Amino acid sequence: MSVLTINKLTESVGAEVTAIDADRLANDDTLGAAILDALEDSGVLVFPGLGLDPEAQVAFCRRLGEIDHSSDGHHEIAGIYPVTLDTSKNASAAYLRATFDWHIDGCTPLNDECPQKATVLSAKQVASSGGDTQFANSYAAHEDFSDEEKQRFGALRVVHSLEASQRRVNPDPSSEELARWRARPTHEHPLVWTHRSGRKSLVLGASADYVVGMDRDEGRALLDELLERATRPELVYSHRWTVGDTVIWDNNGVLHRAGRYAADSERLMLRTTVLGDEPIQ
Ligand code: OGA
Ligand code: MN
């Protein structure tokens, strides 16, 4: 019998993992490897109503790899970052409005870190309206290209920046905000990410600013068109949150975004990220 009980949520992306509780997550040593395999297959794993407490979430994430501590300091438990628009619960909440646009976590790191292998969110409080999280399979988006497109797009390189993703939600920044965004280096990535496994995914989303060597407007139009194709409904799973749910996604082959929710919403997710070891190449 397989270690996990898994039901696919859509044809393209997402699976629900049932018959698992916080106790088993803490004690079953076979689970880490099984969950990483399932994540590679499904892109997103949903654990309905798990009710993990923050310490247990961090301990569980350690089974998946090394924990990312670069956003520590906003929550009393190391390894936990509160995702909320409420600045009294997270002083850096203003940045999180950018989660409303499709993106991949870790495309504009402080140095040259790889994107985080996995991001884990647990719902502590949900929005009364909106706030579903959507996921799109970017391996499937690549598979969908014609051979000619695979060749043409496979040669493109794209510059990503924090400024590009922040400008979409804050088009008129103060000079201090702009200086803070620009303190983060820009990163040039191939549009098509060839993984060690041989699979190929697309590196697209809010941080993608312009296509190297292409007229700016033409490049932007292409990025917009490719994002639209990559996130069309057949490639998307939308998660409607219930308090206690935990969801994990694979930043290697999944784009994600938060559905809009009000700035004064009580919505609160606790996030832990697991470091990646695959450069975008
Ligand atoms: C994130 C993120 C989406 C959400 O935490 O990286 O994009 O629905 N969150 O809150
Ligand atoms: Mn994100």
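In each ligand, atom 1 is the first atom listed, and ligand 1 is the first ligand listed. Only this structure's heavy atoms are used, side chains among them; waters, hydrogens and symmetry mates stay out. This is a predicted model, so every value here is computed, not measured.
With V120 as the partner, the side-chain contact (heavy atoms from CB on, under 4.5 Å) test is satisfied by one option alone out of I67, L45, T246: T246.
Under a 3.5 Å cut-off, the side chain of D72 and the backbone N or O of G79 do form a donor-acceptor pair. Between the side chain of D28 and the main chain of T30, a donor-acceptor pair closer than 3.5 Å is present. Judged by distance alone, with hydrogens and angles left aside, the side-chain atoms of H195 form no donor-acceptor pair with the main-chain N or O of S197 at under 3.5 Å. A donor-acceptor contact shorter than 3.5 Å is absent between the side chain of R199 and the backbone of Y139.
In this structure, F100 and Y261 have perpendicular ring planes: the angle between them is above 60°, well past the 30° mark.
One side chain, N251 or T119, offers a donor N or O that lies under 3.5 Å from an acceptor on the other.
By the side chain to side chain contact (heavy atoms under 4.5 Å, CB included) test, D23 is found to be paired with D21, N27, residues two or more places apart in sequence or in another chain being considered.
Screening residues 26-70 for ring pair (Phe, Tyr, Trp, His ring centres under 6.0 Å) gives no qualifying pairs among residues at least two apart or on separate chains.
For ligand 1, residues of the protein lying within 4.0 angstrom by heavy-atom distance are V83, T99, H103, D105, L121, T133, W249, H256, A258, R267, R271.
The Mn ion (ligand 2) has H103 NE2, D105 OD1, H256 NE2 as protein N, O or S atoms under 2.8 Å away.
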